[in-house]
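To find a chain, count down the sequence lines: A is the first, B the second, and so on, and within it residues start at 1.
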Amino acid sequence: MTVRTRFAPSPTGFQHIGGFRTAMYAWLLAKQNGGQFLLRIEDTDRERLVPGAIKYLVDSLHWLGIDYDEGPNQADLKAINEFSEFAPVEAGKVGPYIQSERLSLYQKEVERLISEGKAYRCDCSSERLEIERLEQMARRERPGYSGYCRTRNLPAGAKTVVRFRLPDQIKLSMNDAVRGVITWDNPPLRDPVILKSDGFPTYHLASVVDDHYMGITHVLRGEEWLPTTPIHILLYEAFGWEKPVFVHLSHILGPDGKKLSKRHGADALTQYEEQGILPEALLNYVSLIGWSVGSGDEQEVFTRDELIQKFSLDGLNSSGGVFDPAKLQWMNGVYLRSLSSEKFTELANKYITSCPAKSWEIIAPHVQERIKTLPEIIENIEFLCLNDLPREMNAIFNKNVNKEIAKQVVEVVAQKFSSVAVFTVDSIHKALEEVVAESGLKTGQVFPVVRIAVTGKKATPPLSESILALGKEKTLQRLAEMPALIEAYQE
RNA sequence: GUCCCCAUCGUCUAGAGGCCUAGGACAUCGGCCUUUCACGCUGGUAACACGGGUUCGAAUCCCGUUGGGGACGCCA
């Protein structure tokens, strides 16, 4: 059996990391089995549509390296003003992949249901329904449609919706790939609207119809869909269609343990990009929330291919997981350090514009080892870019270094450096060591003072390399600036 | 309120009845390396929510309690 999975987001805002994790798992499952992964846009809620949301979805998927085999192509997106260069030029034969373009299909299927008595029209106004609901709540009854139009046999009309007729007694079970058998014995469900008065389907109808016609074999979605799964099962049965495998994923939680959502602690993917998180690291980290390779294997860092190879539904966890930014940062550092110097420089590009190329070349490997996210490059190379260097002067002084000694250090070092013909890491290092040997000053007195003099900071890349990157002229200049600063320093 | 799901270190997890004195990773604390910081290496603190069963034996199976989450829309 060919595995076909899909990611079916609604373009009602920016999709957060939880949604993309669902997409990733679906993609992983399809790729692993040589199947297809599709993108379907569920734009049936006309009121909440957000312009640009579809483009954001397509761009983000591409950024993460999740490419879809079937879905809206460039022309489709252009037609609705959501063009993305990252969409495929051609993709898929069971489209359209945008639900607003499949209206006639849904309407046709609904007619079938109505003619078979499995669905009916309803003209109850939403205002009336709302009042009804409030009253029920007030009476502490379970809220829901009363069933007023069930037997009225209403003809098609301007203001009508179509409801799916649910059995009076529902007892059914389903074998979820994550949770095993789940049984419902009379769940609190009322006849749901499947076709709205504007002619658009609701999720229940559209997703079932599309999953069927698009040949979806595994439905991966968030566990918020679990309570309404009986509706979907009943719909499959009403249509006489084969059901897919359901895979209800546990939620990604915010720091407070509540479901991550657009309104709650979630960031758009572009935020991570801006924060200098690599897509590979994000993908890898997020894959670990709710999934583990298991079987005693303790691997956590996976390449994309390893993920495709090792992913399995069995490794999916049924409990929700908190998103831990600290671990993401750590993993990003791991990925950053594994980069070739060429690739690292390429990614660093936007942060090093004011740094001389030669200096960057010298300092880059040391910066690479020290950062967890790209923007941290800035603080590491600041001393190479700035003319007017801010210095953490207070870091110079301690019980071993007073103003007198500090001045002595910069003076001796400057003198020594002047006599070094060619600056290399070795010659600089040797010069520094000679200062220590000849002046009677201690290493712990010399290096910290020079570090502040040259870089302004107490935590920096290695001193000799930093000095080499700065160059002899500027180094001597910075040393020369020190006596006045030392003198002026007040605690 | 009703229904559904979930429950191992602070966090992500391993664990499919004896391999568990519960393993790993992040975070945290300490040591080593070292001119700082970082990397790396190394050691430590730290968990089976509770109560009943079942069993020779339970983190693992069953029931209940508690706690958390989710759903109850002409939203998805």
Residue-level proximity of [range] to RNA chain B when a heavy atom falls under 4.0 Å:
range	value
residues 165-178 of chain A	none
residues 370-383 of chain A	R370(A)
residues 445-455 of chain A	F447(A), R451(A)

Base, sugar-phosphate, or nothing: which does [X] touch, judged by heavy atoms less than 4.0 Å apart?
X	answer
T44(A)	sugar-phosphate
V161(A)	base
G290(A)	sugar-phosphate
C122(A)	nothing
E300(A)	base
L288(A)	sugar-phosphate
P462(A)	base

message = I'd like to check the side chain to side chain contact (heavy atoms under 4.5 Å, CB included) partners of R190(A); sequence neighbours left out, ordered by chain and number.
response = Q136(A), R142(A), Y145(A)
Would you mind telling me which of [options] lies closest to the side-chain atoms of [X]?
X	options	answer
E298(A)	rG10(B), rG24(B), rC6(B)	rG24(B)
K196(A)	rC39(B), rG24(B), rA76(B)	rA76(B)
E369(A)	rA76(B), rC26(B), rC39(B)	rC39(B)
A326(A)	rC74(B), rA7(B), rC26(B)	rC26(B)
N317(A)	rC12(B), rU13(B), rU36(B)	rU13(B)
S318(A)	rA76(B), rA7(B), rC39(B)	rA7(B)

request  = Return yes if the base of rA27(B) and the side-chain atoms of K327(A) contain a donor-acceptor N/O pair under 3.5 Å, otherwise no.
outcome  = no
query = Under 3.5 Å, is there an N or O donor on one side and an acceptor on the other linking the side chain of T460(A) and the base of rC37(B)?
reply = no
ask   = OP1 or OP2 of rA76(B) less than 4.0 angstrom from a side-chain nitrogen or oxygen of S207(A), does that happen here?
value = no
Pi-cation contact, F246(A) with R179(A) (under 6.0 Å, within 45°) = no
inquiry  = Looking only at the aromatic ring of each residue, does the gap between the centers of F323(A) and H16(A) stay below 6.0 angstrom?
reply    = no
Review item, side-chain donor-acceptor pairs of residues 434-444 of chain A, under 3.5 Å, at least two apart:
{"unit_1": "E434(A)", "atom_1": "OE1", "unit_2": "K416(A)", "atom_2": "NZ", "d": "2.9"}
{"unit_1": "E438(A)", "atom_1": "OE1", "unit_2": "K416(A)", "atom_2": "NZ", "d": "3.2"}
{"unit_1": "E438(A)", "atom_1": "OE2", "unit_2": "K416(A)", "atom_2": "NZ", "d": "3.3"}
{"unit_1": "S439(A)", "atom_1": "OG", "unit_2": "V435(A)", "atom_2": "O", "d": "2.6"}
{"unit_1": "S439(A)", "atom_1": "OG", "unit_2": "L441(A)", "atom_2": "N", "d": "3.1"}

Measuring only the [atom1] atom in each nucleotide, how far is [N] from [M]? A whole number of Å is fine.
N	M	atom1	value
rU13(B)	rC50(B)	C1'	23 Å
rC48(B)	rA16(B)	C1'	15 Å
rA47(B)	rU55(B)	P	31 Å
rC41(B)	rC33(B)	C1'	8 Å

query = For the ring pair (Phe, Tyr, Trp, His ring centres under 6.0 Å) test, which of Y203(A), W184(A), F164(A) pairs with H232(A)?
reply = Y203(A)
ask   = How are the rings of F20(A) and F7(A) set relative to one another: parallel (under 30°), tilted (30 to 60°) or perpendicular (over 60°)?
value = tilted
request  = For nucleotides 65-73 of chain B, just jot down a letter per nucleotide in 5' to 3' order: B, S or -, based on protein non-hydrogen atoms under 4.0 Å.
outcome  = ----SBSSS
